[in-house]
Novice: 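One structure, pasted below without further comment.
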Amino acid sequence: MNALHRDLKRLVDRVEAADAPRVAADPHRQRYHIQPAVGWLNDPNGLCKIGQDYHVFYQYGPFDPNGGVKHWGHLRSRDLLHWERLPVMLYPDAPYDCHGVYSGSALWEEGTLFLYYTGNVKYAGDYDYIRAGRGHNLCLATSRDGVTLDTKQCLMTNADYPAGLSCHVRDPKVWKQDGRYYMVLGARTLENRGEVLVLQSTDRLHWTHINTLTTREPFGYMWECPDLFELGGQWYLAVSPQGIDCPNVYGCGYFPVYGDWRGEYTLGDFHPLDMGYDFYAPQSFADGDRRLQFGWMAMPDAPCTTPDAAFGWNHCLTVPRVLTAGPGGTLRQNPAPELAALRSPAALSLPGGETVSGPACFDLTAAPQGDFTLTLAGGLQLRYEEAARTCTLRFTDPAIAYGRSGERSARLTAPCRSLRVLGDASSVEIFLNDGATVFTTRYFPAPGPRPIRLDGAVGLLYQLNGEE
Ligand code: FRU
């Protein structure tokens, strides 16, 4: 442990203790979603299972609810419902990561946790920090108990990446397959095109660039947080592209990959993963036979805000979602089945056309047969029109939106026959047609009972028992 590490650790402990009462006083503090103890949270990182325990790391800015230099926060859970906070795993305490321990992923093997991440360095001077002035280093940290850091080192610097790239090369996602290790890295070229580098290794330390994945036509200037995985025989490349034409500031979705991503391939159509206001930089991992995904429930650089920063914290992750293959190279996302254990034993029936006083944390299900409108907290509306097969989310009360303006609309590929909505103190996740279309948003209703109204369908409403 170096001296900076020791002092940063003390400072984090101090700020977490000092700000805890202010954070706890926030009525919009979530009950069953992962959120930072204090300060800022962004991308999920290092998702993995060690023995029977799930580990979630996240981009953590403990000193500033509006950002600050990034650390890796850490949580552990047996059941995906109750999360134990563990000490910060990675601090920005080395010359190769001193301006932020940026996003990355985990490999658990031979009794060691290997954490691959990007060390962000900004050099002092008059730079654009895109083509010059920035180091994005590929770094590796190890831990034998999954909680305490043993080693940390820099494996590659910008000089080791292929020619033609800007300084923006980050977010390693690593996995093992057929006795080899593979990595995808998000990149921005000098021509401002987004792409993904594929690297290969036999020893986890030395990595060789073997391919580059991109679209035939340029699609945005940077692809952040790549994820490459197979489900039901189909490969998918998930990315968060910046600079594409989309309803939010940045995009977030996936391409089906046809052919061989190690050689000749083509990327199919880009599908957004989420149609709401707040979803970015998801990461997935294999949990036995299933694939689980967490996303960041926010959108970087967006004009919208939250009231939470005034209480000393900001942002949360989505619930864990199971990814499955849908028809025609599509993906489905559904809440992990574990979440049903939070349901109250008895469900309240939600009669069509009546307003019910609902709990803040709920799990609503319905099987609509035609047009319906769901209105939450009197100001967040989801409207489905069967004739156009269109679903639209909008805030009718700007007081609960904190700048989330304009409608978000999705055309469904089939008539809407299933609806599931997970509500927490300040978020809503909506799953339509068995997770074929998803809308995620934060919302900030005033404290007190929350009206829930479903017009055009009959629903079942479970109260959810969260903890925080
Ligand atoms: C995505 C991102 C990543 C980066 C991290 C820094 O939200 O910009 O590309 O590694 O956040 O916090």
Side-chain angles (χ1 to χ4, degrees), residues 34 36 39-47 56-74 88-92 96-106 115-122 129-130 134-141 154 156 158 161 165-174 183-189 192 194-197 220-227 237-244 246 248-253 273-274 277-284 293-302 304 314-318 440:
I34 289 179
W40 165 277
L41 166 151
N42 59 298
D43 316 353
N45 293 156
L47 306 178
V56 169
F57 299 87
Y58 58 89
Q59 288 286 282
Y60 183 28
F63 306 122
D64 182 355
N66 292 305
V69 67
K70 300 303 178 313
H71 301 49
W72 273 34
H74 189 189
V88 165
M89 178 64 103
L90 299 175
Y91 291 87
Y96 49 79
D97 64 17
C98 58
H99 292 99
V101 177
Y102 272 13
S103 285
S105 59
L115 299 175
Y116 292 87
Y117 68 94
T118 298
N120 182 49
V121 180
K122 284 177 97 173
Y129 295 106
I130 297 168
R134 183 190 291 274
H136 269 175
N137 302 308
L138 172 66
C139 305
L140 170 62
C154 176
M156 288 171 93
N158 292 76
Y161 304 141
L165 298 177
S166 72
C167 305
H168 288 248
V169 181
R170 60 175 173 269
D171 309 336
K173 177 78 199 304
V174 177
M183 173 188 295
V184 281
L185 270 176
R188 173 178 184 155
T189 69
N192 295 317
E195 59 183 39
V196 166
L197 311 178
Y221 59 81
M222 170 70 193
W223 290 4
E224 295 194 309
C225 298
D227 197 359
L237 175 66
V239 282
S240 294
Q242 299 184 315
I244 61 166
C246 59
N248 289 326
V249 180
Y250 302 129
C252 177
L273 267 166
D274 198 283
Y277 301 90
D278 293 287
F279 188 84
Y280 197 70
Q283 183 176 103
S284 74
Q293 171 199 261
F294 287 82
W296 178 29
M297 218 195 294
M299 180 55 61
D301 305 325
C304 59
N314 223 341
H315 304 314
C316 59
L317 300 183
T318 63
T440 301

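Both ligands and their constituent atoms are indexed starting at 1 by order of listing.
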Novice: Going by the rule side-chain hydrogen bond (donor to acceptor under 3.5 Å, both in side chains), which residues pair with Glu195 if we only count those two or more places apart in sequence or in a different chain?
Specialist: none
Novice: Check each atom of ligand 1 against the heavy atoms of Asn42 and keep those under 4.0 Å away; list them by number with element.
Specialist: 5 (C), 6 (C), 7 (O), 11 (O), 12 (O)
Novice: I need the minimum non-hydrogen distance between Asp301 and Val249, along with the two atoms involved.
Specialist: O-CG2, 3.7 Å
Novice: Using the ring of each side chain (for Trp, its six-membered ring), is Trp72 parallel, tilted or perpendicular to Phe57, with breaks at 30° and 60°?
Specialist: tilted
Novice: Please list the nearest protein heavy atom to atom 8 (O) of ligand 1 with its residue and the distance rounded to 0.1 Å.
Specialist: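 Its nearest protein heavy-atom neighbour is Glu224 OE2, 2.8 Å.
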Novice: Find all atoms of ligand 1 within a distance of less than 4.0 Å from any non-hydrogen atom belonging to Gln59, and give their numbers and elements.
Specialist: 5 (C), 6 (C), 12 (O)
Novice: Working to the nearest 0.5 angstrom, can you tell me the gap between Asp43 CG and Trp296 CH2?
Specialist: 6.5 Å
Novice: Pull out every atom of ligand 1 sitting under 4.0 Å from any heavy atom of Tyr102, numbered as shown with elements.
Specialist: 4 (C), 6 (C), 10 (O)
Novice: If you look at every heavy atom in Ala106 and Gly46, which pair is closest and at what distance?
Specialist: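 Heavy-atom minimum between the residues: CB-O, 3.5 Å.
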Novice: Can you find an N or O of Lys70 that's nearer than 3.5 Å to an N or O of ligand 1?
Specialist: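 Such a contact does not occur with ligand 1.
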Novice: Heavy-atom contacts with Ser103 under 4.0 Å: which atoms of ligand 1 show up? List them by number with element.
Specialist: 5 (C), 10 (O)
Novice: For atom 7 (O) of ligand 1, what's the nearest protein heavy atom and its distance?
Specialist: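 Result: Asp43 OD1, 2.8 Å.
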Novice: List every atom of ligand 1 that sits less than 4.0 Å from any heavy atom of Asp171, numbering the atoms from 1 in the order shown and giving each element.
Specialist: 3 (C), 4 (C), 9 (O), 10 (O)
Novice: Pull out every atom of ligand 1 sitting under 4.0 Å from any heavy atom of Tyr280, numbered as shown with elements.
Specialist: 1 (C), 7 (O)
Novice: Could you tell me if Lys122 sits above the aromatic ring of Tyr129, with its cationic atom closer than 6.0 Å to the ring centre and no more than 45 degrees from the axis?
Specialist: yes
Novice: Run the ring-centre check on His71 versus Phe63 and record whether the distance is less than 6.0 Å.
Specialist: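 Centroid distance His71-Phe63: below 6.0 Å, so yes.
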